[in-house]
Amino acid sequence: MRCFFDTRQLDHAPDRELHNGDWMAYSEKPSRARDIAGQVGCQPGKDFGIAPIMAVHDEDYIAFLQTAWTEWRSNGRAGDAVPYVFPVVHRRDLTLDRIDAKLGRFSYDAGTPIAEQTWDAAYWSAQTALTGLDAIRQEGAAHAFALCRPPGHHAGRDYLGGYCYLNNAAIAAMQAHNQGMGPVAVLDVDYHHGNGTQDIFYENAEIFFASIHADPSMDYPFYWGHADETGAGAGTGATLNLPLPRGTGWPVYQAALETAGQAVRAHGSKLLILSFGADTFEGDPISHFKLTREDFTRMGETIASWQLPTLIVMEGGYAVDDLGRNVAAFLSAFRA
Ligand code: OKP
Ligand code: ZN
């Protein structure tokens, strides 16, 4: 299995996040990626430039990500840039220059700070996903693993949130689609619903999106991922949400995975982009499913049995001491 990672992805290191009304240490730490890289040997990514990123994200959002931290500091602020006011209650779509106004315009939560190296790390995280895709396209690899960090599945065309800034899986899916590798399916198996990916492809008939995740009536991100969200316009029917209750273990999970797999194949997919989060682990500190390390191997075997070229894109997983071994257990099922 070809594995890709760029050490510049480690430089994104927000100090703290707002969690249940209090400040706590940022969960999405650089040591997550170090732990995974320590278990699976990785090669550095290539640079495919900004164009594949701009094929998914809006130009003004990219400009904001590139300058937000500097603007925050030049306004005399300490620490990392954090939003606190959001234009959600039918406010006008104003283009304002004040850093706080922009932070609210381009964020949907207050738990995803912008630190000094955030743009660079997010840029290289996206390039890592594109490098994994390139290994499948150019070298005919059956599978590739992109050790993306920061993760991406909560980021939309013009918004950040949930520790995500650039949507690595969506950028790879769009690139694959544009390169004629489709039909493309994105399957998201992170504990949390991949709202950003869903929004990006919601009206797209050609890029199928399926997600297995904690029921959003109980868990983050709450406002997306309910079973009745099935796509809109031309994309009606090309989104599948399979929410599961807290406490879900392998038997119930496996049934949902089979359902998702049937839908992916019914779409006629020729390429699978897998948003893989290891936060479905029983020991995850912020999640509530009950998968074991052996279940991750079972999950990998099930997905590998579909025999689709598969780009595995890393999303969440916060049990840092187990994370690398859980990811390795999952990847062990994908033999070339
Ligand atoms: C990202 B990924 C507030 C608690 C919730 C957001 C969880 C983001 C999960 N600090 N924070 O899908 O693993
Ligand atoms: Zn997650």
Side-chain angles (χ1 to χ4, degrees), residues 9 12 14-33 35-36 80 82-84 86 107-115 118 121-122 125 129 146-156 159-170 186-200 209-225 241-244 246 248 253 273-291 296 299 312-320 322-323 326-327 330:
Q9 295 170 232
H12 162 69
D15 185 38
R16 56 184 190 164
E17 67 180 291
L18 200 54
H19 177 74
N20 296 346
D22 221 335
W23 289 105
M24 61 174 245
Y26 198 57
S27 295
E28 204 285 281
K29 324 177 205 297
S31 57
R32 296 180 56 249
D35 193 59
I36 300 169
D80 305 322
V82 179
Y84 72 97
F86 305 87
S107 308
Y108 76 89
D109 73 19
T112 311
I114 298 176
T118 297
S125 189
L147 204 186
C148 294
R149 185 271 163 191
H153 71 152
H154 295 301
Y159 64 77
L160 62 84
Y163 313 148
C164 301
Y165 308 86
L166 295 177
N167 194 315
N168 309 306
V186 181
L187 171 59
D188 190 318
V189 297
D190 186 278
Y191 178 82
H192 305 93
H193 179 252
N195 58 293
T197 316
Q198 171 169 303
D199 277 353
I200 289 164
F209 175 72
S211 182
I212 304 170
H213 51 271
D215 185 344
S217 350
M218 284 296 288
D219 273 282
Y220 187 93
F222 304 106
Y223 292 100
W224 295 260
N241 281 300
L242 300 169
L244 299 174
R246 284 188 173 195
T248 289
Y253 197 95
I273 312 264
L274 188 76
S275 269
F276 176 67
D279 46 6
T280 49
F281 180 53
E282 56 183 354
D284 195 90
I286 69 168
S287 309
H288 307 276
F289 283 175
K290 297 278 173 238
L291 300 191
F296 282 115
M299 190 195 294
I312 299 160
V313 174
M314 195 67 212
E315 302 286 357
Y318 306 96
V320 177
D322 289 282
L323 185 59
N326 287 341
V327 172
F330 176 76

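When a ligand or atom number is given, it counts from 1 through the structure's own listing order. FYI, the numbering just counts along the sequence from 1.
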Polar side-chain atom of Q9 near backbone of R149 as donor-acceptor pair, under 3.5 Å: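 Side chain of Q9 to backbone of R149, a donor-acceptor pair under 3.5 Å: yes, one is there.
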Starting from [atom], what is the nearest protein heavy atom, named by residue and atom, and what distance separates them?
atom	answer
atom 7 (C) of ligand 1	Y220 CD2, 3.8 Å
atom 4 (C) of ligand 1	H19 ND1, 3.1 Å
atom 11 (N) of ligand 1	Y163 OH, 3.6 Å

Distance under 4.0 Å to a non-hydrogen atom of [X]: what atoms of ligand 1 satisfy this?
X	answer
D279	13 (O)
H153	2 (B), 12 (O)
Y318	1 (C), 2 (B), 9 (C), 13 (O)
G162	1 (C), 8 (C)
E17	3 (C), 10 (N)
L18	3 (C), 10 (N)

Residue pair H193 / N195, side-chain donor-acceptor N/O under 3.5 Å: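 No, N195 and H193 have no side-chain donor paired with an acceptor closer than 3.5 Å.
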Closest non-hydrogen atom pair between [X] and [Y], with its separation:
X	Y	value
V82	P113	CG2-CB, 4.0 Å
G162	D109	N-OD2, 2.9 Å
R246	M218	NH2-O, 3.6 Å
N168	C148	ND2-CB, 3.6 Å

ring-ring contact (aromatic ring centres under 6.0 Å, His included) partner of Y108, the single match among Y223, F86, W224: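 Exactly one candidate clears the test, W224.
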Metal-centred angle, OD2 of D279 through the Zn ion (ligand 2) to OD1 of D190, rounded to 10 degrees: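 So the angle at the metal works out to 110°.
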Verdict with reasoning, Y191 to Y318, per ring-ring contact (aromatic ring centres under 6.0 Å, His included): CA-CA 11 Å; Y191 178 82; Y318 306 96; 9.9 Å; no
Distance-only N or O hit between ligand 1 and D109, under 3.5 Å: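 D109 vs ligand 1: no N/O contact under 3.5 Å.
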Close N or O approach (H154, ligand 1; < 3.5 Å):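 Indeed, backbone or side chain, H154 has an N or O that close.
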Parallel, tilted or perpendicular: ring planes of F330 versus F276, cut at 30 and 60 degrees: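 F330 vs F276 ring planes: parallel.
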Backbone or side-chain N/O/S of H192 under 2.8 Å of the Zn ion (ligand 2):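 It does; at least one qualifying atom falls short of 2.8 Å.
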